[in-house]
*Asks:* 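Below is one structure. I have some questions about it.
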2 protein chains.
Amino acid sequence: MKVTINDVAKHAGVSMKTVSRVINKEPSVRKKTYDQVMLAVKELNYQPNTAARNLAGTSSFAIGLVYDNPNAYYIIDMQNGVLSRCKEEGYELVIHPCNAQQEDMQAEIATMIKRSRLAGLVLTPPLSEQQPIIDMLDELGVSYVRLLSGHNEDDAEKARNCIYVDDFAAAYEITEHLITLGHKHIAFVCGDEEHKSTTERLAGYKQALADHQIAFNEAFVHNGTYSFESGVQGAKALLEDGNRKQITAILGGNDEVAAGALFAARLMNIEIPAQLSISGFEDSPFSRQTWPKLTTAHQANDVISEHAARLLFSKTRGSRNQDKDIITTFTPSMVVRESTGPAPQ
Amino acid sequence: MKVTINDVAKHAGVSMKTVSRVINKEPSVRKKTYDQVMLAVKELNYQPNTAARNLAGTSSFAIGLVYDNPNAYYIIDMQNGVLSRCKEEGYELVIHPCNAQQEDMQAEIATMIKRSRLAGLVLTPPLSEQQPIIDMLDELGVSYVRLLSGHNEDDAEKARNCIYVDDFAAAYEITEHLITLGHKHIAFVCGDEEHKSTTERLAGYKQALADHQIAFNEAFVHNGTYSFESGVQGAKALLEDGNRKQITAILGGNDEVAAGALFAARLMNIEIPAQLSISGFEDSPFSRQTWPKLTTAHQANDVISEHAARLLFSKTRGSRNQDKDIITTFTPSMVVRESTGPAPQ
DNA sequence: AGTTAAAATGACAACGCTGTCAAATAGCTA
DNA sequence: TAGCTATTTGACAGCGTTGTCATTTTAACT
């Protein structure tokens, strides 16, 4: 019934340690021995016991994914990306949703790490941006990978455990797209202020305006959160203002915000895109399920998180498995759908 | 740095076993002893090592959540519900997305269980409906809880590890709501045929029609899948047919399907709800983000999954923790929003 | 063939906890 | 207070692996 490493060892005529070497893909095992052992493993249908490995080994065979993000699509993509890598490496994934605002966040994460002796951690925004958490992790000596907004900077030391999404570039591209369509009064409904992605996207938007000699108008920026509701309110606020006559395009902080803006426009009987262009960010399934479908910037969260996991494993497993194909900066690319069009006269 | 149970024992002046008893909430520990130990635990900030507990104990401190469902909102709710219970009980959660179609599904799940020595499993539809998987679990002697569509039947033996969502009742209620609004030609865009929820919802719909002396019309039923795209196609097929003149209401298999129907109606310049009423199922956040907002049947997936976990733990942990407040049948309740209205003349 | 370094393998003690079972203590009753 | 039972505690082995380090085998040289 229960097959242990000892059974396999006997069956293959080698020592337990050799079997251990084989299943851990350690070097210094002759091909012939390797095959013998693998055969025995197959024949007995041996499953290494995770608990025992975790206990005996230096670090456990589990990594953690920490997030505080209400966007289900985002989370699922993140999970699946990391999970696929974990499967590949024979690791388990411990998911940990949490509340970034919470006082003792660091303590909670530290507890989780200790309890499960996690081999590493993948941190998603906004938690990846919180210095106290990073400090705690450094102190604990746990390896981690941060998902961040921005691009791989000069600071190579820090960059070594960061994966960037270039929101600046994405915002720039979308804004330019709108400008090319003739829009001159482009509003921006921002996501949460404290998220780096918000500042990055805002900066990209501003830069595009500047590069095309369009004056930046503070009144065209509405601060909100990354939610549908916030998009509704933001768009309403912008459009109900005397500005309505001027604004011909709205950039939503993400797809949900854009969908909210779409909703608000509908309430106000504004035709999209004839009277108003709207675009989002991220290209979540959501953006294909609105009417009209959203122009947005495609961001492959599952691929991104898979690379985050790769990067983590390349550090965790020491020398072997030096994955050199890890992309550390992702630049979303624009997807033009039906929610943007030429500026009205 | 690393605090073991032995350190705590010394600090509290008791044996390791006693500390073990305390942290496992075993009976037969004098209050005074208990307090001493708890104090030591606090003072040393002791974190039990999961791997060691898993290895030494009879079963591990982890349960699994198995799913094959493309709906991100559904999954996240499931995860969060189970997770909250796990936290309470000090268990870990191993998530396992998979593909129900896959040949060797049972083997894959069996492997997962053995590797992690899972204490139990929560199965969501449609996997919870697959007999081969259930048989495998029974054979392995692993406890599990199945999330099912239907209601707690007479077969008490089986019911002991099932949580039901009464989709029949929900469909009945929604259909009746539409009938009350004067609708006589109500179409149904079904989800995946092989899901029990589809048959249940269809049955509820039929029953409501029958109870109100409305003839069931086969042509008003469209078979599809639980996706937005399928909703679009289903609604198109129904409405473009010569039936268009007749159909005044559409029941979507779930909120996504309903949103798809909404989308299709928009493409065809049909006003909702003036010309056509549409309703969904589940009340996912999605249903509040369409325009107009969807009438649907509220189904608290997080609460449901939390109860599934409760039920699982009540069986896992033997006698202690006999949770008697477990709800085993949930009946969604209708939420009327803007997508349904009186039947047009 | 003889020597030496390098590679492959094995013996055995941890890893940190819980199960088992025996020992000690407390709470009774007569 | 002795004598008995019920309750509480402790000693110790063992869960199934991996790390360490010693040993054996192979390869690579003179």
Side-chain angles (χ1 to χ4, degrees), chain A residues 1-37 40-41 44-62 90-92 114-117 119 316-318 320, chain B residues 1-37 40-41 44-62 90-92 114-117 119 316-318 320:
Chain A
M1 187 70 238
K2 198 187 303 174
V3 184
T4 74
I5 204 169
N6 193 28
D7 302 325
V8 178
K10 279 183 193 145
H11 196 87
V14 297
S15 74
M16 278 166 53
K17 182 65 214 187
T18 299
V19 177
S20 172
R21 288 195 178 93
V22 170
I23 60 176
N24 287 297
K25 298 197 178 58
E26 285 178 33
S28 307
V29 176
R30 207 163 302 163
K31 173 108 181 43
K32 195 183 129 206
T33 316
Y34 180 91
D35 292 339
Q36 274 175 53
V37 172
V41 166
L44 301 179
N45 186 27
Y46 165 68
Q47 303 297 342
N49 178 316
T50 311
R53 304 221 290 170
N54 290 351
L55 182 58
T58 315
S59 91
S60 88
F61 286 77
Y91 272 60
E92 279 180 1
K114 281 190 204 153
R115 291 177 76 110
S116 302
R117 290 180 77 222
T316 298
R317 302 283 291 271
R320 84 168 155 286
Chain B
M1 190 69 239
K2 198 187 303 175
V3 184
T4 75
I5 205 170
N6 194 27
D7 301 325
V8 179
K10 280 183 194 147
H11 195 87
V14 297
S15 74
M16 278 165 56
K17 182 67 216 187
T18 298
V19 177
S20 172
R21 288 196 177 91
V22 170
I23 60 175
N24 287 299
K25 297 197 177 58
E26 285 176 32
S28 310
V29 176
R30 206 164 302 161
K31 172 108 179 47
K32 195 182 130 205
T33 317
Y34 181 90
D35 291 340
Q36 274 175 55
V37 173
V41 166
L44 300 179
N45 186 29
Y46 166 68
Q47 303 298 340
N49 177 318
T50 311
R53 304 221 288 169
N54 290 351
L55 184 57
T58 315
S59 92
S60 89
F61 285 77
Y91 271 60
E92 279 182 0
K114 281 189 203 154
R115 291 177 75 111
S116 303
R117 291 179 76 222
T316 298
R317 301 286 290 270
R320 82 167 156 287

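Note that the coordinates shown come from a computational prediction; the quantities given were computed from them, not determined experimentally. By convention in this document, chain letters (A, B, ...) are assigned in the order of the sequence lines, proteins followed by strands, and residues within each chain are numbered from 1.
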*Asks:* Partners of A:Ala56 by side-chain contact (heavy atoms from CB on, under 4.5 Å), sequence neighbours excluded?
*Replies:*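 Counting only residues at least two positions away or on another chain, A:Ala56 forms no side-chain contact (heavy atoms from CB on, under 4.5 Å).
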*Asks:* Determine: side-chain N/O of A:Thr33 to OP1/OP2 of C:dA8, distance under 4.0 Å, yes or no.
*Replies:*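 No, outside the criterion.
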*Asks:* I'd like a table of atom pairs between the protein and nucleotides 13-15 of chain C - only N or O on both sides, under 3.5 Å - with the distance next to each one.
*Replies:*
unit_1	atom_1	unit_2	atom_2	d
C:dC15	O2	A:Ala56	N	3.4

*Asks:* Please enumerate all residues that pass side chain to side chain donor-acceptor pair (under 3.5 Å) together with A:Gln47, with sequence neighbours excluded.
*Replies:*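 Here the qualifying residues are A:Asn45.
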*Asks:* Among residues at least two apart in sequence or on other chains, which ones pass side-chain contact (heavy atoms from CB on, under 4.5 Å) with A:Ser59?
*Replies:*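 A:Ala119.
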*Asks:* Quick one: list whatever passes side chain to side chain donor-acceptor pair (under 3.5 Å) with B:Lys31, sequence neighbours left out.
*Replies:*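 Partners of B:Lys31 by the side chain to side chain donor-acceptor pair (under 3.5 Å) criterion, ordered by chain and then number, come out as B:Asp35.
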*Asks:* Just jot down the side-chain contact (heavy atoms from CB on, under 4.5 Å) partners of B:Thr50, sequence neighbours excluded, or say none.
*Replies:*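 Applying side-chain contact (heavy atoms from CB on, under 4.5 Å) to B:Thr50 gives A:Arg115, A:Ser116, B:Asn54, B:Glu92.
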*Asks:* Heavy atoms of chain B, cut-off under 4.0 Å: which first and last nucleotide of DNA chain D, 5' to 3', fall inside that, if you could look?
*Replies:*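 That gives a stretch of D:dT8 to D:dG16.
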*Asks:* List in chain and number order the residues that pass side chain to side chain donor-acceptor pair (under 3.5 Å) with B:Arg53, two or more places apart in sequence or in another chain; answer none if no residue qualifies.
*Replies:*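 Per chain and number, B:Arg53 pairs via side chain to side chain donor-acceptor pair (under 3.5 Å) with B:Asn24.
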*Asks:* It should be established whether A:Thr18 places a side-chain nitrogen or oxygen under 4.0 Å from OP1 or OP2 of nucleotide C:dG10.
*Replies:*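 For A:Thr18, the contact criterion (side-chain N or O under 4.0 Å from OP1 or OP2 of C:dG10) is met.
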*Asks:* Write down the distance between CD1 (A:Ile5) and P (C:dC12), rounded to a whole number of angstrom.
*Replies:*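 The distance from CD1 of A:Ile5 to P of C:dC12 comes to 17 Å, rounded to the nearest Å.
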*Asks:* Please identify each residue that fulfils side-chain contact (heavy atoms from CB on, under 4.5 Å) with A:Asn6, with sequence neighbours left out.
*Replies:*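 A:Asn6 satisfies side-chain contact (heavy atoms from CB on, under 4.5 Å) with A:Thr4, A:Lys10, A:Met16 only.
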*Asks:* Would you indicate, yes or no, if C:dC17 has its OP1 or OP2 atom less than 4.0 angstrom from a side-chain nitrogen or oxygen of B:Tyr46?
*Replies:*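 Yes, such a contact exists.
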